[in-house]
Amino acid sequence: TTTTGLTYVKDIAPIMSADCTSCHGPTRRDAGYDLSTYAGVMKAVSSTTANAKLVRVTQAGGLMYGQFKSNAATKAKTIYDWVVTYKAAQQ
């Protein structure tokens, strides 16, 4: 475990829970994604690069960017940094 940096448990799960799992959760699984678990989120993070699907769809101009209920730019940057800088660390 890391004491610094972004992690799924601390930083990403709350974003997914607030903004994503109503459509991409255990009951709906839109587009085949259940983002309520780390394993489910990792299906959208095939690589820890800016080209990862989760990064692409949540950045400004991305398909899901407009679904953030608040602080979209901050949340998009958090997801980007988590995937690219912190290699999608779980905790």
Side-chain angles (χ1 to χ4, degrees):
T1 60
T2 58
T3 53
T4 59
L6 300 171
T7 66
Y8 170 78
V9 172
K10 178 172 59 77
D11 304 288
I12 302 304
I15 295 172
M16 297 294 131
S17 178
D19 299 327
C20 308
T21 58
S22 59
C23 296
H24 301 288
T27 48
R28 279 186 56 177
R29 286 192 172 93
D30 286 16
Y33 289 101
D34 175 356
L35 302 179
S36 66
T37 65
Y38 178 74
V41 169
M42 291 310 292
K43 288 182 181 172
V45 184
S46 54
S47 70
T48 53
T49 68
N51 199 41
K53 183 168 192 146
L54 184 67
V55 172
R56 291 195 326 265
V57 300
T58 57
Q59 297 308 294
L63 193 60
M64 295 292 112
Y65 184 82
Q67 301 303 310
F68 289 130
K69 295 176 178 69
S70 62
N71 305 313
T74 300
K75 290 175 180 177
K77 182 175 180 357
T78 299
I79 290 168
Y80 177 92
D81 288 344
W82 173 66
V83 172
V84 177
T85 305
Y86 296 101
K87 304 302 180 201
Q90 184 169 5
Q91 53 189 345

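By the rule that hydrophobic residues join a cluster once side-chain heavy atoms approach within less than 4.5 Å of another member, Val84 and Val41 end up as members of one cluster. Hydrophobic clustering (side-chain heavy atoms under 4.5 Å, transitive across Ile, Leu, Val, Met, Phe, Trp, Tyr) groups Tyr86 together with Met16. If you chain together hydrophobic residues whose side chains sit under 4.5 Å apart, Met42 and Val55 fall into the same group. Linking Ile, Leu, Val, Met, Phe, Trp and Tyr residues whenever their side-chain heavy atoms come within less than 4.5 Å leaves Leu63 and Val83 in two separate clusters. Hydrophobic clustering, with ILVMFWY side chains joined whenever heavy atoms are under 4.5 angstrom apart, keeps Met64 apart from Ile12.
Scanning all heavy atoms of the two residues, the minimum distance from Lys75 to Asp19 falls at NZ-OD2, 2.5 Å. Heavy-atom minimum distance, Ala60 versus Tyr65: N-CD1, 3.3 Å. The shortest non-hydrogen separation linking Asp11 to Gly5 is OD2-O, 3.9 Å. Among all heavy-atom pairs drawn from Ala31 and His24, the shortest one is CB-CE1, 4.4 Å.
Ring geometry for Tyr8 versus Trp82: interplanar angle of 30 to 60°, hence tilted.
Pairs passing the salt bridge (charged side-chain N to carboxylate O under 4.0 Å, His left out) check and including a residue from residues 27-37, sequence neighbours excluded, read Arg28-Asp30, Arg29-Asp34. Counting only residues at least two apart or in different chains, salt bridge (charged side-chain N to carboxylate O under 4.0 Å, His left out) contacts with residues 40-52 are absent.
The distance from the NZ atom of Lys87 to the OG atom of Ser47 is 9.0 Å, given to the nearest 0.5 Å. Atom CG of Leu35 is separated from atom SG of Cys23 by 10.0 Å, given to the nearest 0.5 angstrom. Distance check: Phe68 CZ to Thr78 OG1 gives 8.5 Å after rounding to the nearest 0.5 Å. The CG atom of Leu6 sits 13.0 Å away from the OH atom of Tyr80 when rounded to the nearest 0.5 Å.
When atom types are taken as modelled, the side chain of Ser17 and the backbone of Ala13 share no donor-acceptor pair closer than 3.5 angstrom.
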